[in-house]
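In what follows, a structure is listed as structure tokens, so that the remarks can point back to it.
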Number of protein chains: 2
Amino acid sequence: MTRIARRMADIQPFHVMEILKRAHQLSAAGRDIIHLEVGEPDFPTPQPMVDAARRFLEGGHVHYTPALGLTDLREAISRFYHDRFGTDIAPERIIVTPGASGGLMLALGVLTDPGDEWLLPDPGYPSNRHLVRSFEGRPVALPVDATTRFQPTPAHLAQAWTPRTRGLMVASPANPTGTLLELDEIEALQQAVSARGGVLIVDEIYQGLCYGVEARTALSRLDDVFVVNSFSKYFGMTGWRLGWMVVPEAYVRDIEKLAQHFFISPSTPAQHAALAAFEPATLEILETRRHAFAERRNALLPALREIGFRFATEPQGAFYLYADVSDLADSSETLAQRLIEEAGVATTPGLDFGNNAPEKHLRIAYTTDEGRLVEAAERIARVLKHL
Amino acid sequence: MTRIARRMADIQPFHVMEILKRAHQLSAAGRDIIHLEVGEPDFPTPQPMVDAARRFLEGGHVHYTPALGLTDLREAISRFYHDRFGTDIAPERIIVTPGASGGLMLALGVLTDPGDEWLLPDPGYPSNRHLVRSFEGRPVALPVDATTRFQPTPAHLAQAWTPRTRGLMVASPANPTGTLLELDEIEALQQAVSARGGVLIVDEIYQGLCYGVEARTALSRLDDVFVVNSFSKYFGMTGWRLGWMVVPEAYVRDIEKLAQHFFISPSTPAQHAALAAFEPATLEILETRRHAFAERRNALLPALREIGFRFATEPQGAFYLYADVSDLADSSETLAQRLIEEAGVATTPGLDFGNNAPEKHLRIAYTTDEGRLVEAAERIARVLKHL
Ligand SMILES: Cc1ncc(COP(=O)(O)O)c(C=O)c1O
Ligand SMILES: Cc1ncc(COP(=O)(O)O)c(C=O)c1O
């Protein structure tokens with residue numbers, strides 16, 4: 001009787017959930033587990049944003065908003081682009097969404113016909129290929145490696161493009177590798193894509209989380225691009241489910257239609273919290289956190305290198321390290337299992353991020369304080385000496 | 001350069017937004033507008049739920065939850081089915097979603113292959129056909145009328161079923177008609193559907209909002225059914241974006257995968273508010289409101305009948321009246337325009353709900369207090385006397 005749609009055979013779960021489940025079992029049994037697998041900041045939502053939401057909630061009047069979001073919030077985001085990047089974006093092109101996830105769904109829903117191919121760097125954020133598949137598109141992996149900082153180039157694109165290709169998705173900073181694209185590189189990709197009649201989607205969800213380099217946006221160079229962003233990571237709002245997207249004007253009306261039916265509107269309390277996201281008091285908190293992330297990275301990276309984790313490229317953003325562990329184990333999955341069982345350290349095996357040498361890679365998130373990170377490295381070192 | 005996916009040509013906006021826009025213009029110009037077009041309760045979220053959310057937010061620790069929702073909330077919903085309906089539902093079969101909208105997306109995403117047909121009563125909730133189309137399914141309208149209380153029967157089904165039919169979607173109480181299905185009727189529909197190898201989706205979002213009859217759930221009779229529900233309407237939580245769905249066990253794992261990629265997780269503050277939804281203090285507030293809705297209905301229905309609005313069937317649920325206005329105007333759209341311009345009363349023309357005689361029908365929502373409803377009827381009467 002059960003008949004499940006064919007697409008589901010191609011849609012994988014987040015494999016890291018298995019590690020997480022095991023971590024919870026071990027914790028419940030009294031083991032101390034250090035979590036290096038978690039893709040969200042450990043910091044709470046900044047107090048000015050929490051206060052804004054709590055004030056809004058006082059009256060209890062929590063109704064639907066327009067499908068594209070509160071006008072005030074769209075204008076605040078527009079001002080943010082102006083103040084931070086010197087870029088003028090009309091509020092009408094800004095779509096408030098339920099997380100970057102919601103933005104990615106709307107973009108792909110409006111752009112993808114059945115059979116359309118999307119080029120996705122591999123390794124990359126796992127949901128992208130499953131969202132493409134959900135709308136009956138075909139995700140096509142672009143295998144990328146340390147030689148191009150795990151980012152695709154026009155050469156990758158030229159090789160993989162077919163008459164059915166609809167476009168390219170990139171992320172900067174990227175998950176799982178933490179690497180950035182230079183604006184020149186994004187512009188070159190956009191030229192290569194649009195010369196072929198395609199569309200470029202740039203996921204800037206980790207914007208603001210970069211270390212030793214300036215935050216940037218594709219929008220300071222390009223109009224004809226879909227830019228996905230979110231309040232989840234830099235702004236510390238994961239559980240609120242709020243993001244935004246900037247799209248070419250010609251797509252706004254269709255995206256609005258789809259947003260009405262998919263979501264009715266984005267979370268109202270989250271939108272009121274986000275209205276305080278760009279206040280100086282909030283931005284000060286966020287910059288302090290960014291410095292803390294930078295210090296964590298600077299502590300963890302050499303400690304892991306010493307153990308034998310290899311990093312061919314220095315990650316400059318997000319809160320991830322993507323380690324080549326092929327000197328330490330035949331399979332990153334077996335290694336991750338060993339690390340959780342023997343060292344009490346949870347990590348994410350490459351498997352979640354694609355099919356490009358996943359067995360050689362582990363993703364390590366520095367979403368835990370520096371003391372714990374150092375302890376994790378020590379524990380891992382102890383276990384691996386018994387190899 | 002702009003190339004929009006073919007599905008978008010079939011996806012309509014909520015047409016009522018045009019009326020809403022005009023209402024805002026008139027308000028801004030100083031006109032007093034009575035809103036009978038709004039599909040959400042005017043009441044605030046009950047205080048115990050607001051308090052629960054505000055307490056949770058205090059610490060600012062608003063992180064992702066499991067994709068299927070907080071275990072505590074799934075268990076609370078399970079207890080609610082037990083306490084209110086005497087029905088035992090395993091918490092594992094309960095999926096917490098971003099509104100009923102999210103539940104409908106997950107259900108259709110997991111069930112619909114390209115070209116699959118879904119039978120949808122017409123008039124019906126507009127998003128259903130667009131969500132079916134979004135996953136490349138084919139929405140097939142079942143024209144229903146007052147002779148079957150605007151609900152489909154096994155006879156409708158037998159006539160429309162083809163080898164490509166995947167199933168039937170119904171709502172009880174329904175939008176826009178406010179009519180209910182008896183449990184015997186739901187059971188007969190389920191038998192007719194499953195005898196043909198299909199699936200029945202029952203939308204119970206207006207459960208709890210019924211007048212003169214007991215609230216009911218398909219789950220007290222059936223296991224092999226998808227039941228969609230929401231905290232939006234009865235629980236007064238529209239803007240929070242939270243709902244739930246009960247599914248046959250065999251679908252849970254696939255729905256979890258899709259939920260991870262579509263939504264990551266439902267709103268965390270909303271889930272904490274919802275944990276207080278089933279407390280006696282909350283339920284008492286909700287029952288008081290239900291009585292207020294009943295009184296509004298009892299005041300408005302005869303007043304509109306007197307003006308010439310026809311109701312062949314007495315609506316027993318939701319907060320809508322679906323009026324036959326063919327004695328008053330050739331087109332419900334023209335009438336709605338006249339009512340907003342001349343009477344300052346906003347209503348929803350049938351157009352939003354399908355292609356089955358929409359020009360004859362207006363939807364009137366009693367989501368405004370009784371005094372304003374009576375005034376609206378008086379204003380409409382004055383305008384229509386000048387016909
Ligand atoms: C690259 C990337 N894009 C999008 C998302 C979705 O995040 P959200 O929906 O919380 O904004 C994530 C989450 O981890 C991500 O890593
Ligand atoms: C019949 C019906 N189903 C589903 C929905 C979606 O509501 P929500 O996503 O707020 O739960 C609505 C909203 O009006 C509705 O009327």
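Quick note on labels: first sequence line is chain A, next is B, and so on, each numbered from 1.
- Of the possible donor and acceptor atoms, none in the side chain of A:Arg241 sits under 3.5 Å from a partner among the backbone N and O of B:Pro266.
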Applying side-chain contact (heavy atoms from CB on, under 4.5 Å) to B:Glu136 and A:Phe135, what does each step give before you reach the verdict? CA-CA 8 Å; B:Glu136 297 298 322; A:Phe135 293 110; over 6 Å; no
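- Of all the listed residues (B:His61, B:Lys257, B:Arg54), the one sharing the greatest number of non-hydrogen pairs under 4.5 Å with chain A is B:Arg54.
- Contacts between B:Gln271 and chain A at a heavy-atom distance below 4.5 Å are absent for every atom of the residue.
- Around CZ of B:Arg196, the count of heavy atoms belonging to other residues, nucleotides or ligands within 6.0 Å exceeds 12.
- Between B:Pro44 and A:Gly59, the shortest heavy-atom distance links the atoms CB-O, 3.7 Å.
- Note on B:Ser101, B:Pro13, B:Ser194: by heavy-atom pairs under 4.5 Å with chain A, the leading option is B:Pro13.
- For chain A, no part of B:Pro66 is nearby; none of its heavy atoms comes within less than 4.5 Å.
- The two residues A:Thr2 and B:Ala250 come nearest to each other via the heavy atoms OG1-CB, 3.5 Å.
- When each of B:Leu111, B:Ile255, B:Val110 is checked for a side-chain contact (heavy atoms from CB on, under 4.5 Å) with A:Met8, only B:Val110 meets the rule.
- In this structure, B:Met49 and A:Val62 have side chains that are not in contact, with every pair of non-hydrogen atoms separated by 4.5 Å or more.
- Nearest heavy atoms, B:Phe262 versus A:Leu131: CD1-CD2, 3.6 Å.
- In this structure, the separation between NE2 on B:His63 and OG1 on A:Thr367 is 10.0 Å, given to the nearest 0.5 Å.
- The backbone N or O of A:Pro114 lies less than 3.5 Å from no partner atom in the side chain of B:Arg7, so there is not a single donor-acceptor pair.
- Between chain A and the residues B:Asp42, B:Leu20, B:Val199, B:Asn128, the most heavy-atom pairs under 4.5 angstrom are made by B:Asp42.
- Among the candidates A:Leu242, A:Thr45, A:Asp51, the residue making the largest number of heavy-atom pairs closer than 4.5 Å to chain B is A:Thr45.
- Residue B:Gly60 comes nearest to A:Val50 through the heavy atom pair CA-CG2, 3.8 Å, listed as atom of the first residue, atom of the second, then distance.
- Rounded to the nearest 0.5 Å, atoms CG (A:Leu258) and NE2 (B:His130) are 10.5 Å apart.
- Atom CG in A:Leu57 sits 6.5 Å away from atom CG in B:Leu57 (nearest 0.5 Å).
- Taking the six-membered ring for Trp, A:Phe14 and B:His261 have ring centres closer than 6.0 Å.
- In this structure, the side chains of B:Ser127 and A:Gln260 stay at 4.5 Å or more apart for every pair of heavy atoms.
- In A:Glu249, the CD atom is not crowded: 12 or fewer heavy atoms of neighbouring residues, nucleotides or ligands sit closer than 6.0 Å.
- Chain B forms more heavy-atom pairs under 4.5 Å with one residue of A:Thr268, A:Ile264, A:Asp113 than with any other, namely A:Asp113.
- B:Arg138 CZ: 12 or fewer foreign heavy atoms inside a 6.0 Å radius.
- Contact of B:Asp224 with chain A is made through the side chain alone, with heavy-atom distances under 4.5 Å.
- Contact tally against chain A (heavy-atom pairs below 4.5 Å) for B:Gly99, B:Gly197, B:Ser134, B:Ser232: the top residue is B:Ser134.
- Neither the backbone nor the side chain of B:Pro46 has a heavy atom closer than 4.5 Å to any heavy atom of chain A.
- The part of A:Phe43 that comes within reach of chain B is its backbone (N, CA, C, O), which places non-hydrogen atoms under 4.5 angstrom from that chain.
- What you find for B:Ile4 and A:Asp254 is that their closest heavy atoms are CD1-OD2, 3.2 Å.
- Across all their heavy atoms, B:Glu40 and A:Tyr64 have their closest contact at OE1-N, 3.0 Å.
- Contact annotation for A:Thr65: neither backbone nor side-chain heavy atoms come within less than 4.5 Å of a heavy atom of chain B.
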